[in-house]
Chemist: 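Dropping a structure here in structure tokens format, bear with me for questions.
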2 protein chains.
Amino acid sequence: MRWQDIDQQPCSVARSLAIIGDNWTLLVLRDCFLGVRRFDDFQQRLGVTRHVLSDRLRKLTEGGILDKVAYQQRPVRHEYRLTSMGRDLYPVIVHLAQWGDQYLADDHGAPLTRIHKQCEHTLQAQLHCRHCGETVAAQDIRVEENAHWKGKILMNNQG
Amino acid sequence: MRWQDIDQQPCSVARSLAIIGDNWTLLVLRDCFLGVRRFDDFQQRLGVTRHVLSDRLRKLTEGGILDKVAYQQRPVRHEYRLTSMGRDLYPVIVHLAQWGDQYLADDHGAPLTRIHKQCEHTLQAQLHCRHCGETVAAQDIRVEENAHWKGKILMNNQG
DNA sequence: TCAGTTAGTTCCAATTTAGAACCCATGGTG
DNA sequence: CACCATGGGTTCTAAATTGGAACTAACTGA
């Protein structure tokens with residue numbers, strides 16, 4: 001299977017990664033959440049080639065994650081802004097950052113701190129069950145296949 | 001900048017993605033959380049080439065996310081298990097899955113349902129502030145640079 | 001007229017991937 | 001013994017993608 005065909009798998013993780021799982025794309029999104037909007041700013045901050053950046057921004061725009069908006073006429077110049085679909089990826093970025101802070105930081109500690117404006121404390125993100133309010137870990141979850149895919153996704157020894 | 005050098009950036013997201021941000025790697029981890037442990041099972045489920053799978057499993061093992069454990073001798077056979085460092089990536093996978101469920105599902109709906117064993121309800125994951133207990137969205141967060149990187153990471157018009 | 005800004009596109013060499021075949025240690029079967 | 005199967009890879013080649021640099025387009029301001 002080619003990487004470009006993974007969006008046809010019956011798996012929401014695969015379909016998500018078909019849009020944002022490319023090398024560089026999640027770093028583009030990281031910068032979006034830091035307020036970066038313009039081509040050259042992305043290019044300088046990321047150090048990615050202009051060709052690849054152009055391709056990734058196009059895919060994110062086609063995928064509905066970014067909106068390409070003209071911020072001036074004559075000459076027309078565009079900037080890229082997160083849509084609400086894009087903003088909903090924030091938990092993914094935050095958990096990636098927090099995991100990196102915990103396991104991959106160097107002697108200088110975490111580079112950035114995220115402050116929760118409402119309570120003015122450093123954000124310690126948790127995965128949280130809306131129904132019962134408890135914190136959730138991998139072993140607290142049981143996975144079930146929905147009707148149309150019964151028996152087709154999981155292995156029989158699902159642990 | 002080459003993709004392979006991004007782990008040298010002062011950014012926890014970049015460092016995380018240096019290990020797990022490659023094409024295919026997050027799909028390998030998805031399967032790990034579904035209980036897959038053996039080379040051929042990964043290979044058949046993902047459809048990735050054996051060469052690439054071998055490379056990704058090696059990088060995940062070297063990165064401390066998977067443990068390569070012999071499950072029999074004569075002939076020696078290994079399986080790959082999540083370490084605690086690896087299990088801590090669960091929130092990333094869950095939020096990717098939930099985002100895909102919400103925005104990318106087809107007519108048959110979400111392929112898998114995650115059930116929270118403690119309360120027996122479908123998991124609706126939320127990003128949650130440990131301190132104040134509130135749900136957190138992107139606009140609720142202010143980002144600050146830590147001492148060593150003052151003025152070097154953010155743009156001046158940080159929004 | 002000339003330089004500067006912004007957002008790309010084009011070119012080529014180097015790297016990575018897809019797909020298939022092959023390898024190795026061992027175990028089971030006839 | 002010969003032969004096939006299993007698990008976990010490695011090797012090979014062609015195709016696709018990336019990195020790096022230069023170039024283009026459409027303006028603005030001096």
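Chain A is the first sequence line, chain B the second, and so forth, proteins listed ahead of strands; every chain is numbered from 1. When reading the values below, keep in mind they use all heavy atoms of this one structure, side chains included, and skip hydrogens, waters and symmetry mates.
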Chemist: Would you please name every residue forming a side-chain hydrogen bond (donor to acceptor under 3.5 Å, both in side chains) with A/His148, sequence neighbours left out?
Modeler: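 A/His148: side-chain hydrogen bond (donor to acceptor under 3.5 Å, both in side chains) contacts with B/His108.
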Chemist: Side-chain donor-acceptor pairs under 3.5 Å in residues 68-78 of chain B, sequence neighbours left out?
Modeler:
{"residue": "B/Gln72", "atom": "NE2", "partner": "B/Pro75", "partner atom": "O", "Å": "3.1"}

Chemist: Under the rule for side chain to side chain contact (heavy atoms under 4.5 Å, CB included), what residues qualify as partners of A/His51, not counting sequence neighbours?
Modeler: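 A/His51 satisfies side chain to side chain contact (heavy atoms under 4.5 Å, CB included) with A/Thr49 once adjacent residues are dropped.
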Chemist: List for me each residue that meets side-chain hydrogen bond (donor to acceptor under 3.5 Å, both in side chains) alongside A/Asp5, sequence neighbours excluded, and say none if there are none.
Modeler: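 By the side-chain hydrogen bond (donor to acceptor under 3.5 Å, both in side chains) rule, A/Asp5 matches no residue at all.
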Chemist: Can you sort out the partners of A/Arg30 under salt bridge (charged side-chain N to carboxylate O under 4.0 Å, His left out), two or more places apart, ordered by chain and number?
Modeler: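 By the salt bridge (charged side-chain N to carboxylate O under 4.0 Å, His left out) rule, A/Arg30 matches no residue at all.
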Chemist: So, using side-chain hydrogen bond (donor to acceptor under 3.5 Å, both in side chains) as the criterion, who are the partners of A/His116 when residues are at least two apart?
Modeler: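 Scan of A/His116 (side-chain hydrogen bond (donor to acceptor under 3.5 Å, both in side chains), adjacent residues dropped) gives A/Gln118.
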Chemist: I'd like the 5' and 3' limits of the part of DNA chain C contacted by chain B, with heavy-atom contacts below 4.0 Å.
Modeler: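 Counting from the 5' end, contacts occupy C/dT16 to C/dG27.
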Chemist: Run the side chain to side chain contact (heavy atoms under 4.5 Å, CB included) test against A/Asp88 and tell me which residues pass, sequence neighbours left out.
Modeler: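 Scan of A/Asp88 (side chain to side chain contact (heavy atoms under 4.5 Å, CB included), adjacent residues dropped) gives B/Trp99, B/Gln102, B/Tyr103.
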Chemist: Residues two or more places apart in sequence or in another chain: which of them pass side-chain hydrogen bond (donor to acceptor under 3.5 Å, both in side chains) with A/Asp22?
Modeler: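 Listed in chain order: A/Trp3.
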Chemist: What are the atom names and distances for every N/O pair under 3.5 Å that joins the protein to nucleotides 17-24 of chain D?
Modeler:
{"residue": "D/dT18", "atom": "OP1", "partner": "A/Arg56", "partner atom": "NH2", "Å": "2.6"}
{"residue": "D/dG19", "atom": "OP1", "partner": "B/Trp3", "partner atom": "N", "Å": "3.2"}
{"residue": "D/dG20", "atom": "OP2", "partner": "B/Met1", "partner atom": "N", "Å": "3.1"}

Chemist: Using a heavy-atom cut-off of under 4.0 Å over every strand shown, decide if B/Phe42 touches base, sugar-phosphate, or nothing.
Modeler: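 Answer is nothing: B/Phe42 stays at 4.0 Å or more from every strand.
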Chemist: If the condition is side chain to side chain contact (heavy atoms under 4.5 Å, CB included), which residues does B/Thr122 pass it with, not counting sequence neighbours?
Modeler: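 For B/Thr122 the side chain to side chain contact (heavy atoms under 4.5 Å, CB included) partners, ignoring immediate neighbours, are B/Thr113.
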Chemist: Please work out which of the three classes, parallel, tilted or perpendicular, describes the rings of A/Phe42 and A/Tyr80, given edges at 30° and 60°.
Modeler: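 Plane angle over 60°, so perpendicular.
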Chemist: Rounding to an integer number of Å, can you tell me how far B/Leu53 CG sits from D/dT11 P?
Modeler: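 Taking atom P of D/dT11 as the reference, CG of B/Leu53 is at 16 Å.
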Chemist: Rounded to the nearest Å, what distance is computed from the CD atom of residue B/Gln44 to the P atom of nucleotide D/dG8?
Modeler: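 Between P of D/dG8 and CD of B/Gln44: 11 Å.
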Chemist: Please work out which residues in residues 61-77 of chain A have a non-hydrogen atom less than 4.0 Å from an atom of DNA chain D and list them by number.
Modeler: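 Under 4.0 Å from DNA chain D: A/Arg74, A/Pro75, A/Arg77.
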